[in-house]
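What follows is a set of notes on a single structure, which appears directly below.
Along the sequence shown, residues carry numbers from 1.
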Amino acid sequence: MSGTITGALGSRAIIGQFYATLEQTQLPAWVGGTSFMVPSNQETEEYKWLGMTPAMREWIGARQAKGFRQNGLEIKNKVFESTLKVSVDDMRRDKTGQIMVRVDELAVRAALHPTRLLSDLINAGESTPCYDGQFFFDTDHVEGKSGTQSNDLVYDISDQDTGGTPTAPTPATIQRAVLQAVAAILGFKDDQGEPMNETASEFICMVPPLFMGPAITALTSTTLSLGEDNPLGRSGVGFTVRPAVNPRLNWTDKLAVFRTDGRVKPFIWQEEEGVQMRAVAEGSELEFNNREHHYGVTRICNAGYGYWQHACLTTLQA
């Protein structure tokens with residue numbers, strides 16, 4: 001898309017290009033799979049319903065109504081911005097479309113902002129509390145009748161003939177680490193002592209780019225090295241695990257498995273106001289005094305932890 005004002009690139013063309021690119025930019029599939037989208041209309045949203053799953057009981061005497069637990073969490077919306085400064089002279093001289101390239105990049109960054117906030121949560125999961133007061137990835141989650149549960153696992157490569165190293169795992173290592181994580185998720189219990197994930201059938205395995213090759217092989221190939229059968233690469237096993245490569249992860253020896261088919265997700269994405277662009281452009285004091293335009297993008301939103309029971313972090317060790 002292009003436009004001109006008195007022979008030069010104008011703000012209407014820039015704003016139009018921004019929104020066109022914004023609309024065309026798709027979030028990675030893992031964002032929708034791992035995050036529960038909540039529209040917000042106030043500064044802070046409170047989530048007391050987390051952790052509350054009443055179990056069925058035989059009706060003896062009166063009903064036993066249960067309210068929400070007190071160990072919820074609050075997520076405060078934040079205002080995020082990014083502003084592009086463009087010289088009026090550059091706009092007049094731009095014949096190769098470089099300004100529009102920068103505008104496209106600005107739109108992509110705005111559209112992908114959820115990946116940044118959610119990845120920050122994942123990276124900080126071993127040191128940041130979630131709704132139960134424990135770190136999101138922790139070894140001693142306890143709620144009501146759940147017993148002590150861990151979603152911060154270790155897979156010891158030396159215990160299995162899988163080869164590789166913690167920072168360069170083989171497909172067999174990743175396959176067995178993923179199976180361990182899926183088994184842990186399927187076994188998690190809620191505060192009533194009831195299984196949390198007995199209907200779970202869809203998962204993703206999130207890895208850093210370093211693990212991309214062996215992870216894809218581990219999750220899609222029907223056989224591994226030496227002809228070993230790979231249940232993760234076959235249909236009919238009752239569940240599927242898809243690979244998700246996240247370049248924002250700061251891990252070198254970890255992978256994470258998330259349940260993606262639950263109504264409540266591992267993370268919460270709340271948004272009070274979507275992406276908006278505003279311009280200080282033609283006819284402004286900024287143009288008169290500085291010979292430049294500003295194109296500012298805002299988004300009012302935030303992310304937080306949802307169900308830790310739908311996530312497992314695994315550290316590989318030798």
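With hydrogens and angles disregarded, no donor-acceptor distance shorter than 3.5 Å links the side chain of His293 to the backbone of Leu286. Gln149 places a side-chain N or O within donor-acceptor distance of the main-chain N or O of Lys189, the cut-off being under 3.5 Å. Side chain of Tyr305 to main chain of Tyr131: no donor-acceptor pair is present (N/O by atom type, distance under 3.5 Å, no hydrogens or angles). Not a single donor-acceptor pair under 3.5 Å links the side chain of Ser146 to the backbone N or O of Val142. Side-chain atoms of Thr128 come within 3.5 Å of backbone N or O of Ala124 as a donor-acceptor pair. Proximity of a side-chain donor or acceptor of Asn302 to a complementary backbone N or O of Lys76 within less than 3.5 Å is detected.
At least one side-chain heavy atom of Phe203 sits under 4.5 Å from a side-chain heavy atom of Leu186. For the pair Val31/Trp269, no side-chain contact is recorded, criterion being any heavy-atom separation below 4.5 Å from C-beta on. Between Thr21 and Val103, the closest side-chain pair of non-hydrogen atoms is not below 4.5 Å. Looking only at side-chain heavy atoms (C-beta outward), Ser82 and Leu106 come within less than 4.5 Å of each other. In this structure, Phe211 and Leu249 have side chains that are not in contact, with every pair of non-hydrogen atoms separated by 4.5 Å or more. Using a 4.5 Å heavy-atom cutoff, the side chains of Val297 and Phe18 are in contact. Within the 4.5 Å cutoff, the side chain of Pro129 has no heavy atoms near those of the Asp138 side chain. No side-chain heavy atom of Cys130 sits less than 4.5 Å from a side-chain heavy atom of Leu73.
Ile300 is not connected to Leu112 by any chain of hydrophobic side-chain contacts under 4.5 Å among Ile, Leu, Val, Met, Phe, Trp and Tyr, and they are in different clusters. In the hydrophobic clustering of this structure, Ile268 groups with Leu27; members are Ile, Leu, Val, Met, Phe, Trp, Tyr whose side-chain heavy atoms approach within less than 4.5 Å, directly or through other members. Under a hydrophobic-cluster definition in which Ile, Leu, Val, Met, Phe, Trp and Tyr are linked whenever side-chain heavy atoms come within less than 4.5 Å, directly or via other members, Met212 and Val257 are assigned to the same cluster. Hydrophobic clustering (ILVMFWY, side-chain heavy atoms < 4.5 Å, transitive): Leu210 and Trp251 are in one cluster. Note on Val275 and Val79: separate hydrophobic clusters, where clusters join Ile, Leu, Val, Met, Phe, Trp and Tyr whose side-chain heavy atoms are under 4.5 Å apart, directly or indirectly.
Counting non-hydrogen atoms of neighbouring residues, nucleotides and ligands closer than 6.0 angstrom, the CE atom of Met37 exceeds 12 such neighbours.
With values rounded to the nearest 0.5 angstrom, Leu255 atom CG is found 7.5 Å from Leu313 atom CG. Here the CD1-CG distance, from Ile174 to Leu179, works out to 12.0 Å after rounding to the nearest 0.5 Å. Taking CG of Asp152 as the start and NE2 of His141 as the end, the distance is 8.0 Å to the nearest 0.5 Å. Here the CG-OG1 distance, from Asp140 to Thr148, works out to 7.0 Å after rounding to the nearest 0.5 Å. One distance of note links CD of Gln17 with CG of Leu22; it measures 11.5 Å at 0.5 Å rounding. Taking CZ of Arg92 as the reference point, atom OG of Ser87 lies at 8.5 Å (rounded to 0.5 Å).
In this structure, Met196 and Asp190 approach most closely via the heavy-atom pair SD-CB, 3.2 Å. Nearest heavy-atom pair across Ala110 and Pro114 is O-CD, 4.4 Å. The nearest pair of heavy atoms linking Ala311 to Pro266 is CB-CB, 4.4 Å. Annotation for Tyr295 and Gly10: closest pair OH-C, 4.4 Å, computed over non-hydrogen atoms. Considering all non-hydrogen atoms of both residues, Gln180 and Tyr155 come closest at OE1-CB, 3.8 Å. For the residue pair Ala279 and Ile15, the shortest heavy atom distance occurs at CB-CD1, 4.0 Å.
Within the structure, salt bridge (charged side-chain N to carboxylate O under 4.0 Å, His left out) pairs that include any residue of residues 104-113 comprise Arg102-Glu105 (at least two apart or interchain). The side-chain hydrogen bond (donor to acceptor under 3.5 Å, both in side chains) analysis of residues 197-210, with sequence neighbours excluded, yields the pairs Asn197-Arg259, Asn197-His310, Thr199-Arg259, Ser201-Asp261. Applying the salt bridge (charged side-chain N to carboxylate O under 4.0 Å, His left out) test to every pair with at least one member in residues 283-302, sequence neighbours left out, gives these pairs: Asp89-Arg291, Glu271-Arg299. For residues 111-126, every residue pair satisfying the salt bridge (charged side-chain N to carboxylate O under 4.0 Å, His left out) rule, not counting sequence neighbours, is listed here: Glu126-Lys254.
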With a 3.5 Å cut-off and sequence neighbours excluded, list the donor-acceptor pairs that the side chains of residues 238-248 form with protein atoms.
from: Asn246; atom 1: OD1; to: Arg248; atom 2: N; distance (Å): 2.9
from: Asn246; atom 1: ND2; to: Ser119; atom 2: OG; distance (Å): 3.0
from: Arg248; atom 1: NE; to: Thr115; atom 2: OG1; distance (Å): 3.3

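Residues passing the side chain to side chain contact (heavy atoms under 4.5 Å, CB included) test with Asn41, sequence neighbours excluded: Glu45. When the ring-ring contact (aromatic ring centres under 6.0 Å, His included) test is applied to Phe137, no partner is found at least two apart in sequence or on another chain. Checked against side chain to side chain contact (heavy atoms under 4.5 Å, CB included), Asn230 has the following partners two or more places apart in sequence or in another chain: Gln175, Leu224, Leu232. The side chain to side chain contact (heavy atoms under 4.5 Å, CB included) check on Thr222 picks up Arg234, with sequence neighbours excluded. Here Thr252 pairs with Thr167 under the side chain to side chain contact (heavy atoms under 4.5 Å, CB included) rule; sequence neighbours left out. Legend: residues meeting ring-ring contact (aromatic ring centres under 6.0 Å, His included) with Tyr19, ordered by chain and number and at least two apart, are absent.
Side-chain contact annotation: Asp156 with Ser158, donor-acceptor N/O pair under 3.5 Å present. Remark: the Thr83 side chain and the Glu81 side chain contain an N/O donor-acceptor pair separated by less than 3.5 Å. A side-chain donor from one of Glu282 and Ser11 sits under 3.5 Å from a side-chain acceptor of the other.
Test Glu43, Gln42, Gln270 against Asn77 for side-chain hydrogen bond (donor to acceptor under 3.5 Å, both in side chains) and you get one pass: Gln270. Only one option out of Tyr47, Phe136, Phe36, Tyr307 pairs with Phe267 in a ring-ring contact (aromatic ring centres under 6.0 Å, His included); it is Phe136.
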After noting the C-alpha distance and the side-chain angles of Arg278 and Thr298, does the key distance pass the side chain to side chain contact (heavy atoms under 4.5 Å, CB included) rule? CA-CA 8 Å; Arg278 293 177 175 86; Thr298 59; 3.9 Å; yes
Could you go through the side chain to side chain contact (heavy atoms under 4.5 Å, CB included) check for Leu121 and Leu117 one step at a time? CA-CA 6 Å; Leu121 291 176; Leu117 295 188; over 6 Å; no
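The hydrophobic side chain of Trp59 is isolated, with no ILVMFWY side chain under 4.5 Å apart from it.
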